[in-house]
Amino acid sequence: MAGILALGVAPAFNARAAATLKLGHLGNEDNTWHKASLRFAEEVARRTGGALEVRVFPNEQLGKETDLIKGIQLGTVDFTITGESLQNWAPAAALLAVPYAVRDLAHMDRVVEGPIGQRIAEDISGRTQLRPLCYFARGPRYLTANRACPTPAELSGLKVRVPNVPLFVRFWEALGAKATPMAFSEVFTSLQNHTIDAQENPLALIKSASFSEVQSTINRTEHVLSWIYLVGGTRKLGRLPADQQAAVMAAAKAAQEYERGLFLEDERNLASELTAKGMTFAEVDKAAYAAKARDAVIAALNADIRPVYEQIIAA
Ligand code: 2Q2
């Protein structure tokens with residue numbers, strides 16, 4: 001038997017062997033992004049009869065968000081979860097996360113699933129070689145700090161970490177803060193050693209990253225409502241047989257539906273869970289935040305995407 005395997009059967013066996021694809025993201029194991037990624041991997045395996053295996057790496061283990069984007073372009077990583085950081089390659093990706101543009105979840109779904117979302121996704125695919133496969137809704141972003149910031153006046157000189165998103169830098173600078181771009185995996189330690197004073201994120205990431213240990217106050221800024229894409233490398237995906245490509249797309253849709261259930265459940269509980277961990281919610285004058293940053297936000301959008309911003313507001 002050993003001889004037969006060595007001579008004739010091995011190639012056939014190889015042809016059936018699983019190809020392994022890698023998915024890296026910044027959330028930890030408790031985050032819905034991770035759970036949805038695991039579901040995506042299961043669905044891909046099931047729908048390809050095990051021919052494709054997706055390995056999932058949380059916590060920026062496989063690289064920081066920007067490195068993962070570059071890794072997909074180079075072909076060393078296959079999938080990640082990303083959004084407005086893609087504005088460094090595709091200006092339209094800024095439209096995912098314009099401060100005070102998307103009003104609620106229904107508005108977000110209309111935008112993403114309609115022609116505006118299609119235009120954004122096409123711009124991303126065309127300019128980055130990353131193809132959006134499905135999207136996950138996110139809760140509003142809140143400013144956390146060790147004090148209440150009811151109006152922009154309290155932000156003067158405050159060192160606020162932002163992701164590598166030029167639009168966010170402009171927004172926080174317009175509000176008077178010192179915006180500091182930094183990878184997500186460095187935020188906890190930087191808050192702990194006071195390299196930065198504050199950060200801003202949806203409650204889900206505030207909780208899963210344990211920011212309650214280093215930040216006392218969640219300011220109800222709710223300044224950005226955005227979604228995020230599960231993306232795959234256009235080139236690598238394009239080389240898969242058509243049935244496997246279809247399986248990956250179907251698996252992504254299944255992961256999206258699964259994540260939405262987890263997201264809604266999370267949103268119901270996050271505020272009380274964070275309060276139980278000792279964080280305090282502080283009211284803010286959102287209109288004052290929005291008004292002070294409005295001109296800077298519009299100026300930060302490229303002229304050719306400004307009309308799309310107007311369409312988002314009107315949608
Ligand atoms: O704070 C973070 O790093 C995330 O919430 C980012 O907003 C998010 O990953 C974006 O950088 C998406 O491109």
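Throughout, residue positions are numbered sequentially from 1 according to the sequence presented. Both ligands and their constituent atoms are indexed starting at 1 by order of listing.
Short contacts between ligand 1 and L26, defined as distances under 4.0 Å to a heavy atom of the residue, involve ligand atoms 3 (O), 9 (O). Which parts of ligand 1 touch I228 is read off a 4.0 Å heavy-atom cut-off, strictly below it: atoms 12 (C).
Protein heavy atom nearest atom 2 (C) of ligand 1, with residue, atom name and distance: R161 NH1, 3.4 Å. Distance from atom 4 (C) of ligand 1 to its nearest protein heavy atom, with residue and atom name: N201 OD1, 3.6 Å. Ranking protein heavy atoms by distance to atom 12 (C) of ligand 1, first place goes to E65 OE2, 3.0 Å. In this structure, the protein non-hydrogen atom closest to atom 7 (O) of ligand 1 is R141 NH1, 2.7 Å. Protein heavy atom closest to atom 8 (C) of ligand 1, with residue, atom name and distance, is R138 NH1, 3.6 Å.
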- Task: Decide ring-ring contact (aromatic ring centres under 6.0 Å, His included) for H223 and Y289; before the verdict, give the C-alpha distance in whole Å, the side-chain angles of both, and the deciding distance to 0.1 Å.
- Result: CA-CA 8 Å; H223 51 284; Y289 271 72; 7.8 Å; no
Checklist entry - Can you list the steps and then say if Q199 with I206 is a side chain to side chain contact (heavy atoms under 4.5 Å, CB included)? => result CA-CA 9 Å; Q199 69 83 45; I206 293 171; 3.7 Å; yes
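Neither side chain, N302 nor Y309, offers a donor N or O lying under 3.5 Å from an acceptor on the other. T221 and N219 form no side-chain donor-acceptor contact under 3.5 Å, judged by distance and modelled atom types alone. Side-chain contact annotation: Y142 with E222, donor-acceptor N/O pair under 3.5 Å present. Side-chain contact, E186 with T189: no donor N or O sits under 3.5 Å from an acceptor N or O.
R119 has its side chain out of reach of D123: every pair of non-hydrogen atoms, C-beta onward, lies at least 4.5 Å apart.
At a heavy-atom distance under 4.0 Å, only side-chain atoms of P163, from C-beta outward, approach ligand 1. Only the side chain of L205 comes within contact range of ligand 1, with a heavy atom under 4.0 Å; no backbone atom does.
No heavy atom of Q199 sits closer than 4.0 Å to any atom of ligand 1.
Between E200 and ligand 1, not a single N/O pair is under 3.5 Å apart. Between G83 and ligand 1, at least one pair of N/O atoms sits closer than 3.5 Å.
Between F211 and F184, the angle of the ring planes lies from 30° to 60°, which puts this pair in the tilted group.
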